[in-house]
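What you see is a predicted model, and the numbers here were worked out from it, not measured in a lab. Residue numbers run from 1 in the order of the sequence given.
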Amino acid sequence: MRNQFMQNKIFLTFTFVFLLCYTGFIFFMYTPWYTATQLKFAYKNHNIVMLTNSVNIDSVVSSGYDDLTGDLFTYNSNIPPKVKQIFNQFYQLIKTPVCSGTLKIIDDYLKNNVWNDPTGTSVLKGRELGIDYDELVERSMLRNTAIHSFGKLTKNENGDFILPLTVADRYTDTDFTLELLLQKTASGTWQVTKIINYHEYLLHVRDLCDNDIVAYVKDTKDKTAEYNRAFQSLQTQFQNLTKNINSSISKTQRQQIQYFIVNKIIPTYKTHEAYLQDVDVPSGALHLHILRLQSNAKTIQAWQYFAQGIADDSPAMLAKAEKNHQEALTLEQKVSDIINKMPALFVPEIP
């Protein structure tokens with residue numbers, strides 16, 4: 001009888017402790033500290049389910065888009081205030097498809113750990129919406145921010161909570177503390193709904209990169225001008241060589257054009273490529289430098305296809321040449337936009 005009583009007592013004690021722990025855990029689940037714990041665990045263990053439960057990604061992307069596009073043209077003194085206002089209105093008009101496409105890309109990244117470009121029927125592919133989406137993402141620092149550490153959760157004056165998150169940009173590797181806003185949901189749990197100082201982070205990175213870009217442009221200015229003069233001279237020679245060419249171009253003429261491209265034009269661009277590869281690039285100017293290398297590489301490919309196409313009278317090769325040429329022009333436009341402090345985004349024409 002006594003043994004039975006002791007067994008019942010142990011069972012009841014265990015049950016009570018279990019219920020107490022369970023109740024405590026349930027209560028803890030409805031606190032911001034639980035969300036902060038989940039978020040840290042999700043990051044360290046790449047747990048997508050925990051991450052999506054801890055962060056209202058739709059809300060974060062929406063507010064982030066406003067921070068990103070709200071001042072795209074503020075720092076360009078050549079654009080009148082009225083035109084800047086029209087640009088800002090334009091970016092609000094396209095907000096929904098851009099945010100939706102970004103959420104899809106983030107979802108792909110969380111699942112596959114790869115940043116995929118828009119494909120298929122996505123309106124973000126190419127310039128369907130009148131913008132360069134890749135440069136928009138580049139400016140957002142979405143792909144170029146590394147997480148270093150989480151801070152201590154604190155309560156603000158509105159009853160919400162702030163979770164500090166120390167990050168660093170890919171280019172300058174300079175620490176910056178983002179402030180994640182945790183708010184209570186309708187179900188009583190807590191989620192990250194916004195990065196409070198995201199705009200300040202963008203300005204911080206932009207200012208760091210601007211200093212490096214200025215130094216980089218200054219250091220490469222003379223050599224760039226020298227190569228530009230060489231390219232212009234070759235372009236003039238090429239135009240003179242082909243100005244009397246028509247649809248009945250002879251084999252000898254084709255060979256002359258091919259020879260000029262292969263032995264004059266392409267070697268000059270390859271020499272330029274070698275120069276770029278040896279340049280000492282400040283970290284904040286790395287994106288600009290990569291765009292220059294990509295533009296030069298696309299130009300070489302365009303001339304190679306053109307040389308082959310003109311020699312073989314191949315429309316397919318000539319079409320490839322044109323495609324690469326257009327891609328090179330797009331990249332060169334991005335280079336120009338960055339140097340001229342434009343946001344490197346295609347925008348609608350303003351009457």
[X] vs [Y] side-chain heavy atoms within contact, under 4.5 Å:
X: V60; Y: T193; result: no
X: P118; Y: I105; result: yes
X: W115; Y: V137; result: no
X: I249; Y: I257; result: yes
X: D160; Y: K155; result: no
X: Q191; Y: V55; result: no
X: K184; Y: T189; result: no
X: I162; Y: L153; result: no

Among side-chain atoms of [X] and [Y], is any donor-acceptor pair under 3.5 angstrom?
X: Q92; Y: D66; value: yes
X: S250; Y: T252; value: no
X: N53; Y: Q38; value: no
X: S283; Y: R170; value: no
X: Q308; Y: Q304; value: no

For [X] and [Y], which heavy atoms make the closest approach, and how far apart are they?
X: T35; Y: S54; value: CG2-O, 3.7 Å
X: I300; Y: K270; value: CD1-CG, 3.8 Å
X: G284; Y: I213; value: O-CG1, 4.0 Å
X: D169; Y: L208; value: OD1-CD1, 4.5 Å
X: T177; Y: P164; value: CG2-CB, 3.8 Å
X: G159; Y: W190; value: O-CH2, 3.6 Å

**OP:** Flag yes if L165 and I57 sit in one hydrophobic cluster, no otherwise; membership is Ile, Leu, Val, Met, Phe, Trp, Tyr, and two members link when side-chain heavy atoms are under 4.5 Å apart.
**Re:** yes
Original post:
Are L93 and I131 connected in a single hydrophobic cluster, I mean Ile/Leu/Val/Met/Phe/Trp/Tyr linked by side-chain heavy atoms less than 4.5 Å apart?
Top reply: no
Would you confirm whether [X], through its side chain, and [Y], through its main-chain N or O, come within 3.5 Å as a donor-acceptor pair?
X: N45; Y: N47; answer: no
X: Y305; Y: H325; answer: no
X: N263; Y: Y259; answer: yes
X: N112; Y: V114; answer: no
X: H289; Y: Y216; answer: no
X: R254; Y: I310; answer: yes
X: D312; Y: S314; answer: no
X: T145; Y: L142; answer: no

Original post:
Is any side-chain N of the basic residue among K194 and D67 closer than 4.0 Å to the acidic one's carboxylate O?
Top reply: no
Original post:
When you check the gap from the basic side-chain N to the acidic O, do R229 and E226 get nearer than 4.0 Å?
Top reply: no
**OP:** Return yes when atom NZ of K320 has more than 12 non-hydrogen atoms of other residues, nucleotides or ligands closer than 6.0 Å, and no otherwise.
**Re:** no
What distance separates [X] [atom1] from [Y] [atom2], expressed to the nearest 0.5 Å?
X: L241; Y: Q256; atom1: CG; atom2: CD; answer: 6.5 Å
X: I94; Y: L124; atom1: CD1; atom2: CG; answer: 8.5 Å
X: Y171; Y: H287; atom1: OH; atom2: NE2; answer: 5.5 Å
X: N144; Y: T172; atom1: CG; atom2: OG1; answer: 11.0 Å
X: E179; Y: L163; atom1: CD; atom2: CG; answer: 10.5 Å
X: L288; Y: S336; atom1: CG; atom2: OG; answer: 10.5 Å

**OP:** Under the side-chain contact (heavy atoms from CB on, under 4.5 Å) rule, collect the residues that match up with E327, sequence neighbours excluded.
**Re:** K298, K323, N324
Subject >> Residue list, side-chain contact (heavy atoms from CB on, under 4.5 Å) with T299, at least two apart or on another chain >> reply: Y269, S295, W303, A328
Original post:
When the ring planes of Y201 and F176 are compared, do they come out parallel, tilted or perpendicular, using 30° and 60° as the limits?
Top reply: tilted
Original post:
Out of T224, N296, N228, which residue meets the side chain to side chain donor-acceptor pair (under 3.5 Å) rule with H272?
Top reply: N296
